[in-house]
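First up is the structure itself, then whatever we jot down about it.
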Amino acid sequence: MMSQINNTENDVLNVLDVMDGNENGALQYLTFELEDEHYGVEILRVQEIKGWDNVTPIPNTPSHVCGVLNLRGVIVPIIDLRLLFGMTFNEYTKTTVVIVLKVQGITPRIVGVVVDAVSDAQSISADAISVAPDLGNVVSTHFIDGITNIDDRMVMLLDVDKLLSIEQVG
Amino acid sequence: MSIDVSQFHSIFFEESFEGLDTMESGLLSMSEGETDADTINTIFRAAHSIKGGAGTFGFSNISEFTHGLETLLDQIRNGERDTTNEAVEVMLSAVDTLREMMSAVQDAADIDEEKVAHVSSELTRLLQSDEEAAEAQTISDETSSNETTLATEHQQAGWKIDFKPLPHLLQTGNEPSRMFNELAELGKLDVELDDAALPHFSDLDPEACYLSWQLRLETDASIEAVQEVFEWVEDDCELSISPLVDEQHQDTTQLEKPFQDTDASPSTAPIAEQAVSTQSPESTAPKVDSVKKKPSTPSTEMASIRVGTEKVDSLVNLVGELVITQSMLGQIGENFDIKMLPQLIDGLEQLERNTRELQENIMRIRMLPISFVFNRFPRLVHDMTSKLGKKVNLVLSGEQTELDKTVMEKIGDPLVHLVRNSLDHGLEIPEKRLAANKNEVGELHLTAYHQGGNIVIEISDDGAGLNEEKILQKAIEKGLVEADENLSPEKIHELIFLPGFSTADAVSDLSGRGVGMDVVRKNINSLGGNVEVISEPGVGSTFTIRLPLTLAIMDGQIIQVAEQRFIIPLISIIESVEIEPKKVKRVTGKGELYNIRDEYVPLIRLTNVFNLDGGVETLEDGLLVIVEAEDRKVGLFVDELLSQQQVVIKSLETNFRKVTGVAGATILGDGTVAMILDISGLLTMHREPAKQLNSSVIKVA
């Protein structure tokens with residue numbers, strides 16, 4: 001699994017290399033898995049991908065806030081996406097993956113999210129993305145930017161800024 | 001090719017604000033009828049730089065406004081005009097206006113045109129009355145220079161200027177076309193370009209200036225005005241200015257290609273532009289001593305620190321040593337043998353020393369002399385005393401005492417408040433002082449010095465002291481104390497720090513708005529400091545502020561609660577005790593109090609306020625750490641005391657949000673993060689039972 005992570009990191013680099021030659025308006029997405037669902041975030045928002053490390057809990061915060069991590073001297077909050085989405089809790093193991101994302105808001109922030117596994121870096125053109133369907137009261141979809149299909153899998157593209165806004169995670 | 005000059009704006013603003021401060025303090029030190037050449041020159045130079053800078057960056061309204069001020073200063077400098085109180089007042093308000101204009105431009109806000117116009121007209125009025133005097137002087141004065149006399153006599157005359165820049169003129173960042181534009185503002189300008197010296201293109205040095213100009217300026221401006229345009233380039237050119245009168249006729253025929261606007265000259269523009277752009281990296285190079293702290297903020301808060309080069313040099317040296325230690329350790333590690341253990345230990349010791357020195361030196365970069373704050377007080381005292389009709393002598397001492405920049409930014413307002421209070425309530429009007437057998441001029445001392453790990457700032461006056469009767473009466477009125485309570489003078493003095501307390505008979509715009517000393521104390525407490533007052537009726541009062549030297553590093557006590565480590569700021573710990581169960585008293589069966597030396601302190605269980613699982617339950621197995629905040633003592637019940645160490649404070653808000661009861665986080669020796677407790681926050685949490693946390697989670701299918 002660790003090697004898988006390393007591969008992904010290489011893919012990230014490869015993708016970044018070819019970015020300049022990309023002319024059809026396609027955006028690069030990093031896709032990952034949560035339970036059986038597939039999600040994607042814009043790759044330029046990904047700072048790094050790292051394995052799970054012990055975090056320090058923050059007192060009196062919702063359960064999806066795992067705690068904070070020392071990332072080379074920077075204190076970074078870690079959010080469990082499963083819990084944020086109301087899924088069941090998965091024990092953290094050495095193979096649990098944390099995607100460190102750059103969030104833009106009033107001030108730029110760095111936030112890590114815990115996911116089950118990182119899948120791939122994908123180039124998705126704008127016309128392959130459809131608007132997220134309105135699921136009514138059942139599910140809040142305002143942080144889903146759109147959905148797309150990759151190899152018959154439905155991938156939900158997340159709006160990092162909306163997903164990880166202070167109001168949402170705090 | 002064009003360059004983005006906006007990148008230099010922040011430097012311009014910073015330097016200009018500094019210049020304005022210089023001008024202000026200079027103006028304040030000037031008194032009626034006295035003209036100290038050094039002071040006036042300093043003020044003039046500051047004004048001139050602001051004008052020049054504003055012109056360069058295209059802030060024409062600022063440069064125009066400064067021009068009037070500069071002219072006035074120039075006249076004083078040349079002894080053409082006496083320093084009157086009126087002039088100083090007008091110039092001070094001009095400095096204020098400039099500051100406002102500059103802040104407005106910086107924040108891209110609108111300038112208060114009305115005020116600018118008003119102050120501007122004040123300046124003009126002064127200048128005009130002065131001109132009349134100057135003219136009268138010129139007529140009677142035989143010694144005035146020939147040129148000036150000529151200029152005044154021949155109103156329609158002008159100047160013939162031969163301007164031959166040296167090749168390196170463009171490298172100094174000067175742009176002839178700008179100077180010509182400035183000249184054109186003085187009158188009708190004809191420019192003749194001499195490009196005879198221009199070499200063949202292949203031999204052309206793009207950064208050199210090969211051109212020279214003959215200019216004919218029809219104006220009634222004085223030679224000084226013309227010279228001023230060339231002031232910046234005097235040393236970089238051959239310049240001759242002669243009166244135009246006798247040559248007027250031949251000259252007009254000679255001028256074959258006159259241009260009004262030199263921008264039309266194709267041969268100057270590209271060269272000049274290129275020169276400017278190649279110049280830009282150089283012009284930033286000498287600025288290494290201004291260290292960027294964070295990306296520029298829209299407010300007037302300073303975004304960078306000026307650091308002395310010697311501080312930077314010592315850092316460079318330390319880093320050099322660190323690199324040597326690192327390579328030494330690297331070598332030991334390459335083929336390590338147990339025999340090399342002593343070497344390794346030596347190396348680690350060296351590393352520790354390097355790190356500590358580096359840390360100390362870096363902290364020193366953030367330290368600035370407190371004069372940055374003190375400098376605003378002469379003006380404040382000047383303005384307030386004239387408003388209040390009091391006479392006050394302000395004495396500043398220890399201005400060079402260094403203080404962390406963050407603390408400095410936050411201590412300004414509380415200090416202003418205290419000084420205002422002293423001026424408004426403390427010091428008496430001259431008549432009262434004379435009646436009390438005191439010098440009619442009151443003394444206000446602002447003193448700063450280091451004491452232990454703290455900086456102490458004292459504000460003391462020789463005024464009437466705190467009016468204990470009035471304070472007590474007011475406190476009783478407000479129901480803060482019982483009427484029959486017998487309070488010591490110290491206790492009465494403490495009352496002024498209570499919320500909502502103000503003794504001013506009338507609410508003035510100077511002080512006494514009811515939000516007073518309690519805010520001062522709160523602000524100072526939030527910086528980890530405290531404020532005390534000592535007062536004696538009729539003799540005066542002294543406010544003493546104690547502040548930690550820095551906010552970035554503090555001494556902390558690591559504690560353990562329920563498998564988690566927290567840090568308590570050492571400064572707030574009074575003592576730690578083992579709990580004797582019989583000294584624990586329960587209130588209504590829930591709240592716990594601990595009796596320590598006949599004093600009951602509330603007992604706070606961190607597991608409760610932070611909703612932690614596990615941890616020591618029985619009181620005998622844990623420890624009680626007595627801490628103090630906001631003048632209240634509480635006991636924190638912890639599992640265990642671990643080590644004490646210095647910790648670097650990191651904000652949780654950078655990437656997350658503020659968390660009640662937590663002042664920040666720090667990274668411990670093993671790389672893990674620990675939360676630093678905020679004692680006053682904990683008190684609040686303890687007081688209002690923890691809000692039921694809304695831990696409901698956003699449901700997504």
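Bear in mind that the values here come from a model prediction, so they are computed numbers and not experimental data.
Only the side chain of B:L652 comes within less than 4.5 Å of a heavy atom in chain A; its backbone stays farther off. For A:P108, the part lying under 4.5 angstrom from a heavy atom of chain B is the backbone only. If you measure heavy-atom distances from A:L69 to chain B, the contacts under 4.5 Å come from the backbone alone. Within the 4.5 angstrom heavy-atom criterion, no atom of A:V55 approaches chain B. The contact between B:V659 and chain A is made entirely by side chain atoms (from C-beta outward), counting heavy-atom distances below 4.5 Å.
With hydrogens and angles disregarded, a donor-acceptor distance shorter than 3.5 Å links the side chain of A:N60 to the backbone of B:V609. Side-chain atoms of B:N655 never come within 3.5 Å of backbone atoms of A:P77 as a donor-acceptor pair (strictly under, hydrogens ignored).
In B:E563, the CD atom is not crowded: 12 or fewer heavy atoms of neighbouring residues, nucleotides or ligands sit closer than 6.0 Å. Shown here is B:D670, whose CG atom has more than 12 heavy atoms of other residues, nucleotides or ligands within 6.0 Å. Environment of CD in B:Q644: crowded, with over 12 heavy atoms of neighbouring residues, nucleotides or ligands closer than 6.0 Å.
In this structure, CD1 on A:I75 lies 4.5 Å from CD1 on B:I667, to the nearest 0.5 angstrom. From A:I79, atom CD1 reaches atom CZ of B:F656 across 5.5 Å, with rounding to the nearest 0.5 Å.
Proximity of B:M675 to A:V68: side-chain heavy atoms (C-beta onward) are separated by under 4.5 Å at one or more points.
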Requested in this report: Evaluate side-chain contact (heavy atoms from CB on, under 4.5 Å) for B:R657 paired with A:I58, printing each intermediate quantity in order.
Outcome: CA-CA 11 Å; B:R657 61 169 167 86; A:I58 312 173; over 6 Å; no
